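Remarks on the structure that follows.
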Amino acid sequence: MIDLERRDGAVLRIAHRGASALAPENTLRAFRTAVAKGVDLIEFDVLDLPRGPLVLAHSDRLDEVSHGAAAGSVRERSLAELREVAPELPTLDEALEFFVDEAPELGLHVDLKLTTRLDELTSALRRHGLERRTVVSSFHVPS
């Protein structure tokens with residue numbers, strides 16, 4: 001279980017979409033910036049690609065994922081096509097590897113932007129040994 005109280009009694013610091021005010025949201029660069037700022041937990045969004053892996057994205061809007069470089073739907077493109085306009089777009093596995101390798105003390109808050117493939121999410125968390133450091137939220141109650 002994640003302890004939501006810091007040992008020193010201070011407020012828990014959560015980076016929304018990483019340090020999204022300082023680096024592109026939901027990217028490893030935003031996560032690294034958040035770590036450098038001393039956060040306790042990083043919140044990020046997970047979206048499903050029908051023709052590919054789970055990726056970090058707040059919505060299906062390509063302008064958000066590409067940070068204004070392209071328009072359209074994220075889900076209509078393959079990972080390779082997305083990386084042409086959003087080269088920093090991480091897959092869920094890449095993000096989870098970051099927490100294992102670079103942020104072993106941080107908590108994870110996974111915000112679901114999907115209603116299917118939940119077995120893939122839970123399998124990935126288990127495969128990386130992160131289930132005890134993770135809280136998952138969703139607007140979709142059954143998820």
Side-chain angles (χ1 to χ4, degrees), residues 1-118 120-140 143:
M1 175 182 271
I2 294 175
D3 184 357
L4 295 179
E5 183 177 318
R6 293 182 53 215
R7 291 183 185 148
D8 61 5
V11 174
L12 187 66
R13 295 163 298 180
I14 302 172
H16 186 242
R17 302 180 199 166
S20 58
L22 303 172
E25 67 180 38
N26 285 315
T27 64
L28 299 184
R29 183 161 40 125
F31 290 7
R32 289 183 180 109
T33 302
V35 169
K37 296 295 181 184
V39 302
D40 301 300
L41 192 134
I42 295 177
E43 180 272 349
F44 58 92
D45 305 292
V46 176
L47 184 76
D48 54 319
L49 295 182
R51 301 179 320 193
L54 301 178
V55 295
L56 272 56
H58 178 256
S59 75
D60 190 34
R61 291 180 44 196
L62 187 56
D63 61 321
E64 283 184 4
V65 172
S66 69
H67 309 287
S73 169
V74 172
R75 286 186 171 114
E76 291 177 356
R77 298 185 184 219
S78 68
L79 181 61
E81 292 168 332
L82 288 168
R83 286 205 166 144
E84 288 178 17
V85 295
E88 292 188 80
L89 175 71
T91 65
L92 174 64
D93 273 324
E94 290 166 343
L96 298 181
E97 288 171 11
F98 164 83
F99 285 97
V100 171
D101 298 338
E102 297 184 44
E105 301 298 319
L106 259 57
L108 296 71
H109 174 184
V110 179
D111 190 1
L112 300 178
K113 304 302 181 185
L114 51 89
T115 59
T116 62
R117 299 174 62 182
L118 302 176
E120 289 180 51
L121 173 72
T122 55
S123 293
L125 290 169
R126 286 186 180 121
R127 187 172 58 254
H128 291 282
L130 295 169
E131 63 271 30
R132 296 190 57 83
R133 294 170 43 195
T134 304
V135 62
V136 178
S137 64
S138 174
F139 287 110
H140 184 248
S143 296

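In this text, all values refer to a predicted model and were calculated from it rather than measured experimentally.
- In plain terms, the two heavy atoms of D48 and K113 that are nearest each other are OD1-O, 4.1 Å.
- With rounding to the nearest 0.5 angstrom, the CD1 atom of I14 is 10.5 Å from the CG atom of L106.
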Test log, rule side-chain contact (heavy atoms from CB on, under 4.5 Å), inputs K37 and L22: CA-CA 10 Å; K37 296 295 181 184; L22 303 172; 3.7 Å; yes

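- Here F44 and F98 keep their ring centres 6.0 angstrom or further from each other.
- The minimum heavy-atom distance between R133 and A103, with the atom names listed, is NH2-O, 2.7 Å.
- Interatomic distance, D111 CG to L56 CG, rounded to the nearest 0.5 Å: 10.5 Å.
- Proximity of a side-chain donor or acceptor of R83 to a complementary backbone N or O of L89 within less than 3.5 Å is detected.
- Closest non-hydrogen pair, P53 versus T91, comes out as CG-CG2, 3.9 Å.
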Using side-chain hydrogen bond (donor to acceptor under 3.5 Å, both in side chains), reason through D93 and H128 one step at a time and then give a plain yes or no. CA-CA 8 Å; D93 273 324; H128 291 282; 3.0 Å; yes

Going through the checks in order, is the side-chain contact (heavy atoms from CB on, under 4.5 Å) test met by L82 and L49? CA-CA 10 Å; L82 288 168; L49 295 182; 3.7 Å; yes

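- The side-chain heavy atoms of H67 and T27, taken from C-beta on, include a pair separated by under 4.5 Å.
- In this structure, L108 and L130 approach most closely via the heavy-atom pair CD2-CD1, 4.0 Å.
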Worked check of side-chain contact (heavy atoms from CB on, under 4.5 Å) between L121 and R117: CA-CA 7 Å; L121 173 72; R117 299 174 62 182; over 6 Å; no

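- Annotation: salt bridge (Lys or Arg N to Asp or Glu O under 4.0 Å) contacts involving residues 52-66, sequence neighbours excluded, comprise R61-D63, R61-E64.
- Taking all atoms of both residues into account, the shortest heavy-atom contact from A86 to V65 is CB-O, 3.5 Å.
- Side-chain contact between L62 and R77: present, with at least one pair of heavy atoms (C-beta onward) separated by less than 4.5 Å.
- For A30 against P24, the heavy-atom pair with the smallest separation is CB-O, 3.2 Å.
- Between atom NE2 of residue H58 and atom CD of residue E25 there is a gap of 7.0 Å, rounded to the nearest 0.5 Å.
- Listed for the N26 side chain is no donor-acceptor partner under 3.5 Å among the backbone atoms of R17.
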Hey, mind stepping through V46 and V136 against side-chain contact (heavy atoms from CB on, under 4.5 Å) and telling me if it holds? CA-CA 10 Å; V46 176; V136 178; over 6 Å; no

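- If you take CD on E84 and OG on S66, they are separated by 12.5 Å, rounding to the nearest 0.5 Å.
- When side chains are defined from C-beta on, L96 does not count as touching R127, because their heavy atoms never get closer than 4.5 Å.
- Counting heavy atoms from C-beta outward, L118 and L112 have side chains that approach closer than 4.5 Å.
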